[in-house]
Chemist: 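This structure is in structure tokens; I'll ask about it shortly.
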Amino acid sequence: MTTQKTVRLTVAQATIRFLVNQYVERDGKEERFIAGAFGIFGHGNVAGIGQALLQNEIDPTPDGGRMPYIMPRNEQGQVNAAAAFAKAKNRMQAMMCTASIGPGSLNMVTGAALATTNRLPVLLFPSDQFATRIPDPVLQQLEDPRTLDITVNDAFRVVSRFFDRINRPEQLIPSLMHAMRTLTDPADTGAVAIAMPQDVQAEAFDFPVDFFRKRTWHVRRPPAEKAALESAAAAIRGAKRPLIIAGGGVKYSEASAQLREFATVTGIPVGDTQAGKGAINFDHPAAVGGIGSTGAGAGNNIAAKADLVIGIGTRYSDFTTASRTQFKNEDVKFVNINVLAFDAVKNGAQMVVADAREALRDLTEMLRDYHVDAAYTQEIEEEREAWFKTTAELYHLDHKPLPSQLEVFGALNEMMGENDVVINAAGSMPGDLQALWQAKTPTQYHVEYAFSCMGYEIPAGLGVKLALPQSEVVSIVGDGTYQMLPMELATVVQERIKVIYVLLQNYGFASIGALSESHGSQRFGTRYRMGDGEPHNQEGDTLPVDIAANAESWGLKVFRVSTMEEFRAAYREAEDLDRACMIHIETDLYGPNPPSTSWWDVPVSQVSRIESTQQAYREYEAARAPQRHYLK
């Protein structure tokens, strides 16, 4: 009896059969990597990948397992949901997304950029024109007179960590191998886009059976070189005011326990980025909160005087460094621990290219006999207590006539459980949350601020709940964000997924409005107001748009509340529901917000006939004077 060496499948069928047999392993824990598929079908993929997913659903046995499928409503939304899923899974699982040719696939580009910027694995299959070029131009094909080789999918090249186009069936084999290598690489992960011409998707080929055997990809934990660790330890011993900045890499490497131990042993204060919040529990004696433009007063006051900054798993966005004005000590130096050398070298740092958990374990042992001095410890404690007092006051403002959004955050912070998840991404809310939110665990805080993509929050609720079904998932949405991408509410209802959406209605863009005002542009174009034919209408009536009714039309249970007492009662009722719901509350567009303890570089017009802009430019010139590259 001879063993079958090939199996005849279409390219799309082979793709699904390959993916259901790909596993990852880290620390002895193994699980399937591609957990499911999002897909919106059109003529470019309905008879290719769509047929392959259907066949897998009807009879998954020959393929090695079922690929769960969810039908979303918007192509960008499905990628946002996939990115949120991967983030909630600490990058140990991912989702695939497929879309039809032309506008459908192009709609995924923003989501791909979000995933790559956040270093999150998503696998995208944009559909493409005919490889044969016989039907040419096909419906929805973009033509370029310079070459027949360019399609809209080439836009994925600049936002993906790996891009390929499958023009012949046998090209699928090396392409999917490289896709898996990229997706499971902690230093190189991000969006992977494999463009699939619609005729090639449906083309049959005799694929090697070995291509479909179970493969387990080891997610590596590269240790630090001894010399790099010794250099880092020496720098720490020589510092009087060291500070740790914990980024998302701490959470993705599941190094929170090692970070807490390191901080306990050494007494070095720990600040956090948006992605790193929760890496250390807020009530740890060394935790000083957010760092940078939207950071906490405690963290920023410590950071301003730090003589050594130890970045762990952070990419140092301009918000973290306050556009390179946050670290004011003239002699400040940097040590960066990062699995990606590109990030480790930033700010002229001593580089420790390693997994965060492994490096922290080794450094802890090397510094068992080290602790910051008592005066610094006392200063850390005083800064923490002062900011806790500020936070408590802002969380309980009793602001009139409308509640402040800070009061909503305070209520949620107090009522949500340790393993529940708060989601946000854009506007003024991420800044307020980074400054004030007291994260109890690495799970609790999920804010996408690398790309800060409006429209993330609603599909992200879907992705996070799929990843963490036992957690209460609370997605905070502004009315501006809601109007950009509400469609996945239908998907949440369709899939019977429980998410609590908190809708803050303030009839405008609070963050950009405040930024516009402070930079001399008078909140131009940032308020939702009825037009009156004038070119600069700012004070018209609010729009008669009923977001609460709109959410009900998607199938959500909606609680309309006006006061914080009603909000708290509605949240408790929402917890007891078994379906998606929304708590709708109007808040004050004009704040207040946490006291600013840092800066962010947003250029102001150098010349203007508007006096407010002239004044803003004078203030801007003074504020950016401390900017510098960190090169010590």
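Both backbone and side-chain heavy atoms feed into the values below; hydrogens, waters and symmetry mates do not.
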Chemist: Keeping to residues at least two apart or across chains, list the salt bridge (charged side-chain N to carboxylate O under 4.0 Å, His left out) pairs with something in residues 407-419.
Modeler: E414-R568

Chemist: Using side chain to side chain contact (heavy atoms under 4.5 Å, CB included) as the criterion, list what pairs up with T321, not counting sequence neighbours.
Modeler: Y316, R324, F327, N347

Chemist: Could you name each residue pair satisfying salt bridge (charged side-chain N to carboxylate O under 4.0 Å, His left out) that touches residues 287-314, not counting sequence neighbours?
Modeler: K305-E379

Chemist: E254: what forms a salt bridge (Lys or Arg N to Asp or Glu O under 4.0 Å) with it, not counting sequence neighbours?
Modeler: R26

Chemist: Would you check if there is a donor-acceptor pair between the side chains of D283 and N281 at a distance under 3.5 Å?
Modeler: yes

Chemist: Any idea which heavy atoms bring A88 and A467 closest together, and the distance?
Modeler: CB-CB, 3.7 Å

Chemist: Which residue pairs pass the salt bridge (charged side-chain N to carboxylate O under 4.0 Å, His left out) test when at least one of the two sits in residues 340-359, sequence neighbours left out?
Modeler: D27-R357, R119-D343, R221-D355, D343-K346, E358-R361

Chemist: Do other residues, nucleotides or ligands put more than 12 heavy atoms under 6.0 Å from the CD atom of Q378?
Modeler: yes

Chemist: So which heavy atom on Y395 is nearest to which on L436, and how close?
Modeler: OH-O, 3.1 Å

Chemist: Using salt bridge (Lys or Arg N to Asp or Glu O under 4.0 Å) as the criterion, list what pairs up with E30, not counting sequence neighbours.
Modeler: K214

Chemist: Take atom NZ in K240; do more than 12 heavy atoms of anything else shown fall under 6.0 Å from it?
Modeler: no

Chemist: Test I245 against every option in I310, I291, I312 by the side chain to side chain contact (heavy atoms under 4.5 Å, CB included) rule and name the one that passes.
Modeler: I291

Chemist: Decide ring pair (Phe, Tyr, Trp, His ring centres under 6.0 Å) for W217 and F33; before the verdict, give the C-alpha distance in whole Å, the side-chain angles of both, and the deciding distance to 0.1 Å.
Modeler: CA-CA 9 Å; W217 301 78; F33 185 63; 9.1 Å; no

Chemist: Can you tell me how the ring of Y620 sits relative to the ring of W599, calling it parallel under 30°, perpendicular over 60° and tilted otherwise?
Modeler: tilted

Chemist: With a sphere of 6.0 Å drawn around NE2 of H178, does it hold more than 12 non-hydrogen atoms of other residues, nucleotides or ligands?
Modeler: no

Chemist: I need the minimum non-hydrogen distance between E25 and H218, along with the two atoms involved.
Modeler: OE1-ND1, 2.7 Å

Chemist: Would you say the side-chain atoms of S471 pair up with the backbone N or O of N419, donor to acceptor, closer than 3.5 Å?
Modeler: yes

Chemist: State whether R368 and E261 are salt-bridged, where the test is any N-O pair (Lys NZ or Arg NE/NH1/NH2 against Asp/Glu carboxylate O) under 4.0 Å.
Modeler: yes

Chemist: Pick out which of N506, T587, D432, D588 makes a side-chain hydrogen bond (donor to acceptor under 3.5 Å, both in side chains) with Q405.
Modeler: D432

Chemist: Hey, is CD on E225 packed in by over 12 heavy atoms from elsewhere, all under 6.0 Å?
Modeler: no

Chemist: Looking at R624, R618, E619, which hits side chain to side chain contact (heavy atoms under 4.5 Å, CB included) with E621?
Modeler: R624

Chemist: Would K632 and D331 pass as an ion pair if we require N to O under 4.0 Å?
Modeler: yes

